[in-house]
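Report on the structure given below.
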Amino acid sequence: MKKIFIIHCSLFIILTSCRQDIPVIPHEEEQKGEAQHTSVAAFYLLNEGNMGSNKATLDYYDYASAVYRRNIYAEANPNVPKELGDVGNDLQVYGSRLYAVINCSNKVEVLDARTCKRIGQIDIPNCRYIRFHDRYAYVTSYAGPVEIKPDYEQIGYVAKIDTATLQEVARCLVGYQPDELCIVGNRMYVANSGGYRVPNYEKELSVIDLTTFTEVKRIPVGINLHRVRADRHGQLWVTARGDYYDNPSRLYCIDLATETVSDSLNVAVSDLDIVGDSLYLLATEWSYIDMQDVITYGIVDVKTHQLVSHSFITDGTEKSIQKPYGLRVNPVTGDIYVTDAKNYVTPGTLYAFSKAGVLLWSVRTGDIPAHLTFVEN
């Protein structure tokens, strides 16, 4: 396929008036893949950027034109002094808005999902992940500074945000360093990690009643919890990072009827996505014993709890991926997207695979490509 590479601004025109003479770098475009016309119109990709470098960026792929656009935030928002911010940690679409959780900038950027123009900002310290229910957004917060110590005292919380006013209206205390959250019915499940309290990690999932917005119980699961996702069979899938020594990363299944662990699988998980009855997973699991990463790709059948595939990549392309980092699956086409963070300090790569695991295309991204979210027509 003919490759098209465009810089969408004259190289002789630099936008400087709104950032105190700091140039706005124009976005770049590349033609990638074949045009598709389904209920999924596009996706955004949030590149985390290195901590302390203020290099979080946003990319965009339009399915109808098959055009991939890099670094679109700065050009769409020339009046924002520091651009997107420091460490992009989550990205979600809700209604007509795009929400980008910028961890070390202590904020959630709220954008128009169609134009990427900034609507507002929600200030939340050390914010981590965001989910939605009715008219509210819920954001996990570590609450305190980035600091590793066994006796870290600042407990975490979930902030409740009115999406109409972008104001915090309530908060619920949970465990130390809460990460992903998942809402099923009128219950919220929050993965407490305790990641700053090494080696005193958390092991429990907080359960919040949304009517009263209070923590009503905790579910013992595993060491250093991270991700929480629900399937269509009344089950919750929770990942534990482990302690990077003798307790490896594991995948747990929770029966929502009893709110207890019903199964655990001896498989490492860094990121996952559930489409139908297939739980796609990847892992870059570090071990301080072996002093190396163990990389895993796989598919778990959520009905049988069996690992039915040891690699969803079938054409050998995984040999080119240095540090698999993020994972999403198009719910309509089944196309699989894997991000490669490479060395964590230079631009990464996004790989697009067919449902059969064959490479369709790849493209350069920003630093540490991580969080991909789809936009529906």
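Excluded from the calculations below are hydrogen atoms, water molecules and symmetry mates; all remaining heavy atoms, backbone and side chain alike, are included. For the single chain, residues carry numbers from 1 onward in sequence order.
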- Dump the intermediate steps for side chain to side chain contact (heavy atoms under 4.5 Å, CB included) on V108 and V101, then the final yes or no. CA-CA 4 Å; V108 178; V101 179; 4.2 Å; yes

- Between V238 and Y189, is any pair of side-chain heavy atoms under 4.5 Å apart? no

- Query: With sequence neighbours left out, what residues match H233 under side chain to side chain donor-acceptor pair (under 3.5 Å)?
  - Reply: D277

- Step-by-step salt bridge (charged side-chain N to carboxylate O under 4.0 Å, His left out) determination, R197 to E202: CA-CA 8 Å; R197 292 169 55 85; E202 288 272 22; 6.0 Å; no

- Report the distance from atom OG1 of T140 to atom CG of N89, rounding to the nearest 0.5 Å. 8.0 Å

- What closest approach, in Å, do P178 and G156 show between heavy atoms, and which atom pair accounts for it? CD-CA, 3.7 Å

- Message: Please check: side-chain N/O of E285 versus main-chain N/O of S249, any donor-acceptor pairing under 3.5 Å?
- Response: yes

- Message: If you define the side chain from C-beta out and look only at heavy atoms, does anything of Y63 sit under 4.5 Å from T38?
- Response: no

- Message: Between N103 and R128, is the side chain to side chain contact (heavy atoms under 4.5 Å, CB included) condition met? List the steps.
- Response: CA-CA 6 Å; N103 173 220; R128 299 292 293 178; 3.6 Å; yes

- Min side-chain heavy-atom separation N266-R250 under 4.5 Å: yes

- Task: State whether D273 and R227 are salt-bridged, where the test is any N-O pair (Lys NZ or Arg NE/NH1/NH2 against Asp/Glu carboxylate O) under 4.0 Å.
- Result: no

- Hey, is the main chain of T284 close enough, under 3.5 Å, to the side chain of S270 for a donor-acceptor pair? yes

- Message: Tell me which pairs pass salt bridge (Lys or Arg N to Asp or Glu O under 4.0 Å) where either residue lies in residues 233-248, with sequence neighbours left out.
- Response: D179-R241

- Task: Kindly indicate whether the side chain of C172, heavy atoms from C-beta on, has any atom under 4.5 Å from the side chain of E215.
- Result: yes

- Task: With sequence neighbours left out, write down each residue that passes side-chain contact (heavy atoms from CB on, under 4.5 Å) with Y196, or none if nothing qualifies.
- Result: N126, Y142, V146, I148, Y152, Q177

- Message: Would you say that P331 contacts F374 through its side chain, given a criterion of any heavy-atom pair below 4.5 Å between the two side chains?
- Response: yes

- Message: Using modelled atom types and a 3.5 Å cut-off, is there a donor and acceptor pairing between side-chain atoms of N224 and backbone atoms of A240?
- Response: no

- Message: Connecting only ILVMFWY residues whose side-chain heavy atoms lie within less than 4.5 Å of each other, what is the rest of I299's hydrophobic cluster?
- Response: V275, Y280, L282, I295, Y297, V308, F312, I313, I321, L327, V329, I336, V338, Y351, F353, L359

- Message: Just by distance, no angles: are the side chains of K342 and T349 close enough, under 3.5 Å, to form a donor-acceptor pair?
- Response: yes

- Query: For Q31 and S65, which heavy atoms make the closest approach, and how far apart are they?
  - Reply: NE2-O, 2.6 Å

- Kindly give the heavy-atom pair with the smallest separation between P220 and E204, and that separation in Å. CA-CG, 4.0 Å

- Main-chain N/O of G348 paired with T365 side-chain donor or acceptor, under 3.5 Å: yes

- Sidechain-backbone polar pair: N50 side chain, S53 backbone, donor-acceptor under 3.5 Å: no

- Message: Between D59 and R364, does any side-chain N to carboxylate O distance fall below 4.0 Å?
- Response: no

- Report yes or no: does S287 contribute a side-chain atom to a donor-acceptor pair with the main-chain N or O of I289 at less than 3.5 Å? yes

- Charged N to carboxylate O under 4.0 angstrom, D301 versus K303? no

- For D293, enumerate each residue passing the side chain to side chain donor-acceptor pair (under 3.5 Å) test, keeping only those at least two apart in sequence or located in another chain. K323

- V139 and S141, any side-chain heavy atoms less than 4.5 Å apart: no

- Task: Check for a donor-acceptor pair, side chain of S264 on one end and backbone N or O of Y252 on the other, with a separation under 3.5 Å.
- Result: no

- So among L111, T163, I119, which one has a side chain to side chain contact (heavy atoms under 4.5 Å, CB included) with Y99? T163

- Taken to the nearest 0.5 Å, the spacing of Y61 OH from K32 NZ works out to 9.5 Å

- Message: Restricting to non-hydrogen atoms, name the atom on V207 and the atom on R187 that form the minimum distance, rounded to 0.1 Å.
- Response: CG1-NE, 3.7 Å

- Query: What's the spacing between N377 CG and H37 NE2 if we round to 0.5 Å?
  - Reply: 10.0 Å

- Query: What pairs with Q121 under side chain to side chain donor-acceptor pair (under 3.5 Å), at least two apart in sequence or on another chain?
  - Reply: R118, D123

- Message: Counting neighbours of NZ on K319 that are heavy atoms of other residues, nucleotides or ligands and sit closer than 6.0 Å, is the number greater than 12?
- Response: no

- Task: May I ask whether L360 and L350 are part of the same hydrophobic cluster, defined by side-chain heavy atoms of I, L, V, M, F, W, Y residues being less than 4.5 angstrom apart, directly or through others?
- Result: yes

- List in chain and number order the residues that pass side chain to side chain donor-acceptor pair (under 3.5 Å) with R135, two or more places apart in sequence or in another chain; answer none if no residue qualifies. D162

- Using a 4.5 Å cut-off on heavy atoms from C-beta on, say whether the side chain of L98 contacts that of L58. yes

- Query: Given the rule in the side chain to side chain contact (heavy atoms under 4.5 Å, CB included) test, do L236 and V228 qualify, once you have shown the distances and angles that lead to the verdict?
  - Reply: CA-CA 7 Å; L236 207 62; V228 191; 3.6 Å; yes

- Message: Taking C253's backbone N and O only, do any of them form a donor-acceptor pair with S262's side chain (distance below 3.5 Å, no angle check)?
- Response: yes

- Query: Does Y325 sit in a hydrophobic cluster with other residues, and if so which ones, taking ILVMFWY side chains as linked at heavy-atom separations under 4.5 Å, directly or through other members?
  - Reply: Y344, I368

- Item | Centroid separation Y44 to Y73 less than 6.0 Å | no

- Query: Hey, is the main chain of G85 close enough, under 3.5 Å, to the side chain of S105 for a donor-acceptor pair?
  - Reply: no

- Query: Quick one: side-chain contact (heavy atoms from CB on, under 4.5 Å) partners of N343, sequence neighbours excluded?
  - Reply: V345, T346

- Task: Please name all residues satisfying side-chain contact (heavy atoms from CB on, under 4.5 Å) with P150, sequence neighbours left out, ordered by chain then number.
- Result: P199, N200

- Distance col, row Q292:CD vs W286:CH2, nearest 0.5 angstrom, shows 7.5 Å

- Message: Apply side chain to side chain contact (heavy atoms under 4.5 Å, CB included) to residues V174 and I155 and explain how you reach the verdict.
- Response: CA-CA 7 Å; V174 286; I155 200 166; over 6 Å; no

- Item | side-chain contact (heavy atoms from CB on, under 4.5 Å) against T260, all qualifying residues, sequence neighbours excluded | T258

- Would you indicate whether the side-chain heavy atoms of K160 and M188 approach each other to under 4.5 Å? no

- Task: Could you tell me the separation between the CG atom of D90 and the SG atom of C127, rounded to the nearest 0.5 Å?
- Result: 9.5 Å

- How long is the span from the OH atom in Y68 to the OG atom in S362, to the nearest 0.5 Å? 11.0 Å

- Query: Considering all heavy atoms of both residues, which atom of A35 and which atom of A64 are nearest to each other, and what is their separation?
  - Reply: CB-O, 3.2 Å

- Note on the structure: Apart from V302 itself, members of its ILVMFWY cluster (side-chain separation under 4.5 Å) are W237, L251, L265, V267, V269, L272, I274, L279, L281, V300, L307

- Task: Measure across H371 and L91 and return the closest heavy-atom pair with its distance rounded to 0.1 Å.
- Result: O-CD2, 3.7 Å

